[in-house]
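In each ligand, atom 1 is the first atom listed, and ligand 1 is the first ligand listed. Note that these values count all heavy atoms, side chains included, but never hydrogens, waters or copies made by symmetry.
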Amino acid sequence: MLERKTGIPLAPQELDKQKITSDIYTVQHSVVGQDAHTAYTSWVITEDGVVIIDPGSYRVCTMLREEMDKAGQPVRYLIYTHAHGDHIGGAAAFLEQEPKVIAHENALERLRRYEVTAGYIRRINSIQFHFNIPAGIPPRRFPSVHPTDTYHHEYRFELGGKTFELFHAKGETDDSTVIWVPQLKAVFLGDLLEASFPNLGNPFKVMRYAHEWAIALEKALALKPEFAIGGDCVLTNNREINEVLSVNIELFNYLEESVVRAANDGKNLEQMIEEIQLPPHLADSPYLKQVYSRREFAIYNIWRRYCGYFDFSPSGLLPRPRREVAGVVRQLIGNDQAILHRAEELMYQGQLQLALETLDVILKVDYEDMAARRLRHEILQKMAETDECLMSRNVWVYYLEEDESFLG
Ligand SMILES: [Zn+2]
């Protein structure tokens with residue numbers, strides 16, 4: 001595995017590139033300022049110009065274009081492995097040279113969706129990534145560059161003696177493109193390959209595709225690559241590629257099959273979250289550390305794909321607002337001190353989630369209850385301190401900061 005850097009600045013001063021072969025280079029960059037979530041912009045040099053894969057950061061791409069200009073290397077193609085912002089956000093830096101911009105046809109619908117839900121996306125990304133963007137560097141300075149060429153199943157072109165074979169895949173998104181360069185034995189996988197537990201489920205965002213993801217990685221393995229460039233990691237020999245991709249394939253198949261079997265057996269989502277645990281060799285795999293996404297998010301996601309919202313309890317079909325239900329319980333207890341005391345007890349016993357939900361008996365009715373918010377702040381602080389997963393930790397941090405500003 002290529003050295004994976006940490007502490008990458010949002011606005012680097014120089015192009016910190018890494019050489020993979022004499023024809024392939026990459027630069028790791030950060031668009032959200034978090035070590036658990038970085039991305040690679042890579043490029044392949046040919047005799048007739050350069051192909052850039054995932055022009056993700058505008059800052060990095062500007063420096064890259066300057067370097068190409070100096071070296072007299074024209075940029076002929078940009079390829080998006082998928083249309084997430086951290087893989088396309090720097091494309092505008094290359095537009096003067098009028099490169100072909102290639103993406104899967106589903107990228108167009110994705111970009112349209114991002115435009116109509118811009119407010120929502122901005123809000124959830126500020127929670128998910130706990131954005132801390134320095135003044136003067138907005139997360140996106142330009143509207144997205146739309147592809148000039150899209151395709152349905154496959155796309156292929158030659159440039160300067162190298163062949164670029166693209167095929168469609170689904171996994172982290174429905175618009176994934178896998179790029180294979182046979183002369184270099186290099187496969188570019190975008191976020192289909194990450195350095196940790198794959199982003200198979202995201203509590204804020206649309207569907208991910210476990211079943212198809214496994215198929216895409218199997219197809220990539222069958223190519224017998226020597227280099228695999230992912231969204232968050234770069235593998236530089238076939239043995240390692242086999243090891244990492246195989247363990248991911250096993251994880252996707254295991255989770256997919258477990259959730260589908262449980263649904264067929266009449267289990268509900270709550271039971272699945274409790275009962276579907278990873279076998280030890282997957283749970284302990286160094287390639288599947290749950291530092292960005294996590295098991296629970298994956299199970300929610302697969303359930304959401306195949307099942308509806310019904311929880312197999314008649315009260316769950318048309319539930320009253322939780323404010324009303326909590327109101328009844330709170331009135332029955334008739335003693336907020338007892339609720340606070342029990343929540344605190346649970347917190348000290350380490351049952352942080354249960355403590356949080358107990359407090360909701362008050363907070364769902366009165367969100368501005370000072371004592372409950374003070375205790376919630378304490379619970380969330382403990383949750384944030386002990387949670388290794390970026391996406392859930394950032395949720396705790398977001399709301400503990402909200403409590404902080406409310407409490408003054
Ligand atoms: Zn992505």
Side-chain angles (χ1 to χ4, degrees), residues 4 8 26-42 52-58 60-61 78-91 101-114 117 120-122 124-129 131 139-140 144-145 147 166 168-179 187-210 212-214 216-217 220 228-234 244-245 248 251-252 288 290-294 297-298 301 389-391 394:
R4 199 174 167 281
I8 298 172
T26 196
V27 56
Q28 193 184 348
H29 59 83
S30 174
V31 290
V32 292
Q34 308 238 354
D35 287 339
H37 190 280
T38 63
Y40 283 97
T41 292
S42 308
I52 296 199
I53 295 160
D54 284 345
S57 143
Y58 187 77
V60 164
C61 287
L78 306 179
I79 306 176
Y80 297 164
T81 60
H82 62 300
H84 274 163
D86 54 336
H87 294 255
I88 70 171
V101 182
I102 302 170
H104 184 260
E105 62 187 14
N106 289 351
L108 296 173
E109 166 55 19
R110 177 170 296 276
L111 293 171
R112 184 201 69 81
R113 187 159 54 74
Y114 288 167
T117 59
Y120 173 74
I121 303 253
R122 174 83 209 194
I124 50 147
N125 277 342
S126 77
I127 299 175
Q128 181 180 335
F129 297 118
F131 270 136
R140 290 179 61 190
S144 300
V145 173
L166 282 55
H168 175 227
K170 281 182 170 184
E172 196 222 16
T173 62
D174 62 357
D175 65 337
S176 296
T177 288
V178 175
I179 301 130
V187 67
F188 296 82
L189 288 158
D191 284 344
L192 296 171
L193 167 62
E194 303 202 37
S196 58
F197 192 92
N199 184 11
L200 177 57
N202 180 315
F204 318 101
K205 293 179 180 167
V206 299
M207 191 58 60
R208 276 77 171 117
Y209 303 86
E212 292 86 343
W213 201 330
L217 295 188
I229 296 91
D232 198 28
C233 89
V234 177
V244 178
L245 269 57
N248 273 275
L251 176 80
F252 294 130
L288 299 177
Q290 296 177 42
V291 292
Y292 178 54
S293 187
R294 60 192 299 159
F297 295 166
N301 177 69
C389 168
L390 176 143
M391 278 200 270
N394 282 347

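Listed by chain and number, the residues in a ring pair (Phe, Tyr, Trp, His ring centres under 6.0 Å) with Tyr209 amount to none (sequence neighbours excluded). Every residue two or more places apart in sequence or in another chain that forms a ring pair (Phe, Tyr, Trp, His ring centres under 6.0 Å) with His37 is listed here: Phe129, Tyr292.
The N, O or S atom of Asp191 lying closest to the Zn ion (ligand 1) is OD2. Closest approach between the Zn ion (ligand 1) and any N/O/S atom of His84 involves ND1. Residue Glu172 approaches the Zn ion (ligand 1) most closely through its N/O/S atom OE1. Closest N/O/S atom of His82 to the Zn ion (ligand 1): NE2.
Between His84 and His87, the two ring planes are tilted [angle within 30° to 60°].
For the residue pair Lys205/Asn301, the side-chain donor-acceptor check at 3.5 Å is not satisfied.
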